[in-house]
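Input: a single structure, listed below in structure tokens.
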Amino acid sequence: EAMGSPRSCSLLFKTKDSVISDFALKDMQILNNSGVWTDKNNGYTFGYYIVLGWEILCAFAAFVIMIIKCRLSYRKKYLPFLYAAFALIIVGIFMYQVYKINYSPVKTEIALEKTVSNSVSTSAFVVRDETPIKANVTGTLVPLVEDGKRVANGDDVAVVFDSENAARNYNELKKVKEDIAYYSSLQNKVGVQTNDVETLDNRIYSACDDLVSAINTGEVDNYSEKESTLRDAITSRQLSTGTVIDPTQKLSELNTRLNELQKNEGGYTKIQANNPGYYISTVDGYENAVSYTGVLNLTTDKIDALIDGSTLPNADNSSYMGKLVDAFNWYILCVIDYKDAASLKVGGKITVEFTGTTAEPLSADVVKINDAADGRTSIILKCNLMNKKYAVLRKNPVKLIFNTYTGYQVNNKAVREINGQKGVYVLNGNIVKFKKINIVYSDSEYSICSVPDGESGYLKQYDEIIVEGTDLYDGKILD
């Protein structure tokens with residue numbers, strides 16, 4: 001149902017059982033990458049001068065035509081030239097002021113904080129301590145447990161149906177039961193009102209932000225949960241502000257549908273965990289491609305074969321109904337240039353980003369660096385985080401981040417060295433000041449500079465750094 005609000009941006013969400021329309025939101029940047037044209041870099045200045053020049057040309061042409069067509073006596077024909085000279089003086093003064101305003105003897109950039117990283121992109125192969133769950137049954141598998149969740153020995157982890165229709169019937173039956181529980185809970189909330197509408201609005205904005213974020217990042221698995229949270233937040237506000245909601249009719253429809261589904265409910269076979277571990281509902285054939293206990297003995301050639309596809313997966317997975325991961329630790333195998341590996345050491349840390357997925361970056365331990373061969377070497381990383389996003393990783397492109405640096409970005413053209421101290425000239429009003437810098441990272445164009453703790457006289461955020469200028473020195477006053 002539509003809900004009035006002073007907020008300005010409208011969204012439309014359509015779900016299986018409800019439509020949330022014309023819901024106004026404030027301060028939501030749904031189009032995160034929308035372009036806004038500005039002239040903060042004076043990019044349009046040249047166009048202004050073209051227009052001004054065209055106006056002057058037109059005025060001059062009009063003046064010439066006026067002289068030609070002038071009906072004044074011969075003796076007074078000098079007057080237009082006198083007026084023209086006076087006009088040219090005015091235009092000259094104006095142009096000089098424009099030049100003086102726009103002219104600067106130096107070119108500057110603002111010091112802003114930036115984070116950069118030293119990284120390399122490559123491909124990875126994931127090794128876990130996996131045990132496939134064998135079952136003497138075939139059909140459509142419906143997981144009862146989320147991928148990456150820890151289960152105990154004997155827990156029900158999935159059910160197998162004879163047909164896809166029976167599986168769809170089971171999933172719908174489960175959803176209908178959840179909806180009945182939800183609408184039944186509304187009966188207990190009817191008549192409850194509050195004056196704290198702002199808190200309820202904030203809940204709605206937060207839930208809507210989460211839902212939009214899940215859609216933008218492709219987190220399809222979280223969509224239903226986020227949608228339910230938003231629906232609950234909107235319903236709570238409607239009830240709290242006096243909106244009458246009678247769930248009786250909806251409950252009647254749901255109970256009717258529940259009876260129909262229960263009549264058509266087919267039989268299924270339960271799949272149980274035969275030992276404790278993290279449950280994963282899918283198998284890819286690589287479960288036994290690498291011995292978990294022998295992963296540290298893998299050479300660069302063998303790791304290369306796993307990554308590039310030379311090692312083929314097991315083709316027959318029909319008897320497997322998911323798998324269990326026993327050990328907490330799992331490994332990431334990569335092959336990189338030996339020059340990049342030179343900055344690593346066994347026992348150190350490295351950040352891994354799984355590009356092309358929604359998995360969060362994680363910190364991994366470097367447990368082995370193999371000898372270089374043909375300019376390349378392999379590294380083995382260990383980590384122990386597990387969730388449904390990490391559980392499905394196997395062969396993925398990754399970005400390995402060796403180091404991260406945060407500081408103020410400085411153009412290398414601005415860097416000077418005076419008495420052995422590196423620094424930059426900054427513009428304070430019209431006075432040139434020299435400020436020290438501490439470079440922590442540098443490339444061909446820019447440097448990242450930090451401020452040592454307890455030190456003074458160093459570059460600060462928003463300082464106006466002089467990038468181009470001549471005859472600069474500390475204390476110089478610019479005209």
Side-chain angles (χ1 to χ4, degrees), residues 8 27 29 31 33-114 408-418 423-437 444-447 449 457-479:
S8 61
D27 301 330
Q29 298 177 351
L31 302 178
N33 298 319
S34 61
V36 179
W37 286 10
T38 70
D39 195 28
K40 64 180 181 180
N41 295 320
N42 301 317
Y44 305 152
T45 305
F46 185 70
Y48 300 152
Y49 287 125
I50 291 177
V51 173
L52 179 61
W54 175 252
E55 291 176 351
I56 293 174
L57 180 62
C58 291
F60 180 75
F63 175 74
V64 171
I65 294 172
M66 181 180 69
I67 294 296
I68 296 173
K69 302 294 184 179
C70 180
R71 296 182 179 180
L72 293 176
S73 64
Y74 179 77
R75 289 178 300 172
K76 294 184 178 181
K77 280 197 174 183
Y78 70 88
L79 289 177
F81 292 99
L82 182 62
Y83 297 150
F86 180 74
L88 287 175
I89 293 173
I90 298 299
V91 171
I93 293 174
F94 171 75
M95 295 299 294
Y96 174 74
Q97 293 297 326
V98 170
Y99 170 78
K100 191 173 181 180
I101 291 172
N102 287 276
Y103 171 75
S104 175
V106 295
K107 180 181 178 182
T108 62
E109 293 180 357
I110 303 299
L112 298 175
E113 188 174 75
K114 186 174 182 179
Y408 304 129
Q409 180 175 276
V410 174
N411 194 313
N412 288 339
K413 294 189 295 184
V415 178
R416 308 281 205 285
E417 186 169 343
I418 299 177
V424 294
Y425 286 115
V426 301
L427 195 59
N428 187 4
N430 66 336
I431 301 176
V432 177
K433 293 288 186 182
F434 180 79
K435 289 196 174 184
K436 298 180 286 186
I437 58 174
S444 59
E445 296 185 16
Y446 291 95
S447 295
C449 306
Y458 280 83
L459 181 70
K460 296 186 299 184
Q461 191 168 17
Y462 305 124
D463 277 344
E464 198 172 352
I465 304 171
I466 299 176
V467 179
E468 295 179 3
T470 58
D471 193 26
L472 299 175
Y473 55 86
D474 190 29
K476 180 178 180 179
I477 299 177
L478 299 180
D479 296 331

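- Taken from OH in Y408 to NZ in K435, the straight-line distance is 10.0 Å, to the nearest 0.5 Å.
- Across all non-hydrogen atoms, the minimal contact from L472 to R416 is CD1-NH2, 3.6 Å.
- No side-chain donor-acceptor contact under 3.5 Å links N411 to the backbone of Y446.
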Does the pair D474 and K433 meet the rule for a salt bridge (charged side-chain N to carboxylate O under 4.0 Å, His left out), with working shown? CA-CA 5 Å; D474 190 29; K433 293 288 186 182; 5.1 Å; no
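- A distance of 10.0 Å separates CG of D471 from CG of L478, quoted to the nearest 0.5 Å.
- The shortest side-chain heavy-atom distance between Y473 and V432 does not fall under the 4.5 Å cut-off.
- Inter-residue side-chain proximity for V410 and L459 is flagged as met; some heavy-atom pair is nearer than 4.5 Å.
- Dense packing is recorded around CG of N430, with more than 12 heavy atoms of other residues, nucleotides or ligands lying under 6.0 Å away.
- Remark: of the listed residues N428, V106, V426, I110, I110 is the sole one forming a side chain to side chain contact (heavy atoms under 4.5 Å, CB included) with E464.
- To the nearest 0.5 Å, atom CD1 of residue I466 and atom NZ of residue K476 are 8.5 Å apart.
- Heavy atoms only, all atoms of each residue included: Y425 and I418 are closest at OH-CD1, 3.1 Å.
- Residues V415 and I437 are in side-chain contact: their nearest non-hydrogen atoms beyond the backbone lie under 4.5 Å apart.
- Between E113 and Q461, the shortest heavy-atom contact is N-NE2, 3.7 Å.
- Applying the 6.0 Å contact sphere to CD1 of I477 captures no more than 12 heavy atoms from other residues, nucleotides or ligands.
- Judged by distance alone, the side chain of K460 and the main-chain N or O of A111 form no donor-acceptor pair under 3.5 Å.
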